[in-house]
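One structure is given below, encoded as structure tokens.
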Amino acid sequence: MAIRLKKHKKGKEKKGFDKSKIKKILLYLLVSLVLFLTFKKGFLMVLFIVLTFIGKTMRTALGINFVMFDPLVFFAILIIKYMDIMSFFIFLFLTVFLADANAGNLTAGSLLNYVLFNLCPLISYFFLKNASLMVFGMVTAFLYSGLMIPIRIKPLAGDPFQTTAKGITNIIFVYLYIIFLGPVFELIFNYLV
Amino acid sequence: MKVKKELSSVFLVFILCTIAIASSIFLIVNNKIKIISFETQFYVLRGMIFLYLFAIVTLFFRLLFYTYIIKLGKSIRFKMMTKVFHQPKIEGKYKDHYFQVHYCSRDGDSPSFIRTYVKMIFKKKMKFDNKKLSKIKGKHLGNPILCVKHIIRSDKNYLLVKTSPYIFEKNKLFDMMNYLIEISHKYRKE
């Protein structure tokens, strides 16, 4: 029933078990193992970047871009609190700026997101460096949503419903991630970093 | 068949996750794991249960949405073209023309809000006055028209109308398709 012009037939002819996929998976596993054994910070960064991309892809695939359930803010908070500021900048550059630029979505809205993702955890870091993860994370989430909603609605003329939904769901999911996954990651950081 | 395969693999993963979580609860409650402290075990288990419930709720709503679109498609004799975890597309024939309805949500400049793309698909090469098409905006029978475009790529050739938000009513979908037929006659270049 697919009504498309038949031009790319050759690609569909491949069937059966693909050995190259297994090779790729084995290579990724080997790289992860080497990273884990030699450079633990790098391993965690790669893990966080992959998980963030999975979250972003899920959001788009499910058609619910106005629900910010991807753990980007949560991971940014964890990295700045338990690792270092340099790793935090690299993480955001790769997951926000470079990802948007690569997808051709580098607009005023995405640039604002990038600035706010950088700014809000930094403010929390300078004022609440020794606070608990819950206080640190919630202040960051409230700051981000509190700044993002008015700026995106007024000067950038974004959709009010979507922007508000993004802001509120961001706070809710950061809270849930901190409550349920925060202690696990704290243990991991204490063990690895 | 592909959908059934996809669904059965999802259910298999869920059964395995359920068994894993149930056995972890059993082991932790009966204090069988002594290498790791009880506190650590508790935190890990809590995190696992959270992810498990989150996945179940997401999947449940996804399946609900997917089956609703399938039913809607059946009611207008359209067929589902995508898998469960992709943005749903239904395709079929209406008034001797091929149409596709795509329920989508994309990131970017402004299109990230939920939208319905109604596409009139052509098998032959067509030419349209793109300048005039780009000027079409406003409302048609209550449906907001965000833009009208003629898309030509290597494997695609269709006239597209973007509306917002999702359209679930049969009559509104037919309105949009009639509107596309009208546009295709009006703005076609010979």
Side-chain angles (χ1 to χ4, degrees), chain A residues 1-9 11-12 51 55-71 96 99-100 103-111 113 152 156-163 165-166 173 175-188 190-191, chain B residues 36-37 39-40 42-51 53-55 58-59 61-62 65 78-93 98-100 103-115 119 121-125 152-158 164-166:
Chain A
M1 189 72 186
I3 313 151
R4 282 189 175 178
L5 301 180
K6 292 169 187 173
K7 275 206 169 181
H8 301 290
K9 268 191 170 179
K12 288 185 179 177
L51 289 175
K56 277 191 169 190
T57 316
M58 269 175 69
R59 262 175 67 192
T60 313
L62 297 174
I64 42 173
N65 270 318
F66 53 95
V67 180
M68 268 185 79
F69 70 74
D70 56 306
V96 184
D100 280 343
N105 290 336
L106 206 60
T107 56
S110 59
L111 279 172
N113 259 352
R152 274 202 107 157
L156 296 183
D159 184 88
F161 169 77
Q162 182 207 346
T163 314
K166 266 187 169 181
F173 277 100
Y175 175 74
L176 287 173
Y177 288 142
I178 289 172
I179 282 270
F180 291 105
L181 302 175
V184 181
F185 279 105
E186 264 179 313
L187 287 167
I188 291 171
N190 288 338
Y191 175 68
Chain B
I36 311 162
S37 69
E39 198 186 16
T40 312
F42 172 72
Y43 286 144
V44 173
L45 183 69
R46 206 173 62 166
M48 275 166 67
I49 291 172
F50 166 71
L51 289 177
L53 290 176
F54 179 56
T58 315
L59 188 75
F61 281 107
R62 184 66 195 170
F65 179 57
F78 275 33
K79 203 178 173 185
M80 178 61 89
M81 298 307 298
T82 46
K83 291 180 183 179
V84 182
F85 296 106
H86 294 129
Q87 297 181 1
K89 288 178 184 173
I90 47 173
E91 234 174 53
K93 225 174 173 184
Y98 286 106
F99 283 96
Q100 188 186 81
Y103 295 93
C104 85
S105 166
R106 297 233 167 94
D107 259 335
D109 192 8
S110 61
S112 49
F113 191 48
I114 45 176
R115 293 187 170 188
K119 302 168 188 175
I121 301 167
F122 307 110
K123 284 187 172 180
K124 290 175 187 173
K125 282 186 178 177
I152 309 170
R153 282 174 209 154
S154 59
D155 60 337
K156 291 170 185 174
N157 178 16
Y158 57 82
S164 182
Y166 288 159

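Atoms CD and CD, from B:E91 and B:Q100 in turn, are 4.5 Å apart once rounded to the nearest 0.5 Å.
Here B:T40 pairs with B:S37 under the side chain to side chain donor-acceptor pair (under 3.5 Å) rule; sequence neighbours left out. Not a single ring pair (Phe, Tyr, Trp, His ring centres under 6.0 Å) links B:F61 to another residue, sequence neighbours left out.
Taking 4.5 Å as the limit, every side-chain heavy atom of B:F42 sits out of range of all side-chain heavy atoms of B:L45.
For B:R62, the part sitting under 4.5 Å from any heavy atom of chain A is the side chain, from C-beta outward, and nothing else. Only the side chain of A:F173 comes within less than 4.5 Å of a heavy atom in chain B; its backbone stays farther off. Heavy atoms closer than 4.5 Å to chain A are found in the side chain of B:L51, but not in its backbone.
Annotation: maximal heavy-atom pairing with chain A below 4.5 Å, among B:F65, B:F54, B:Y166, B:F50, occurs at B:F50.
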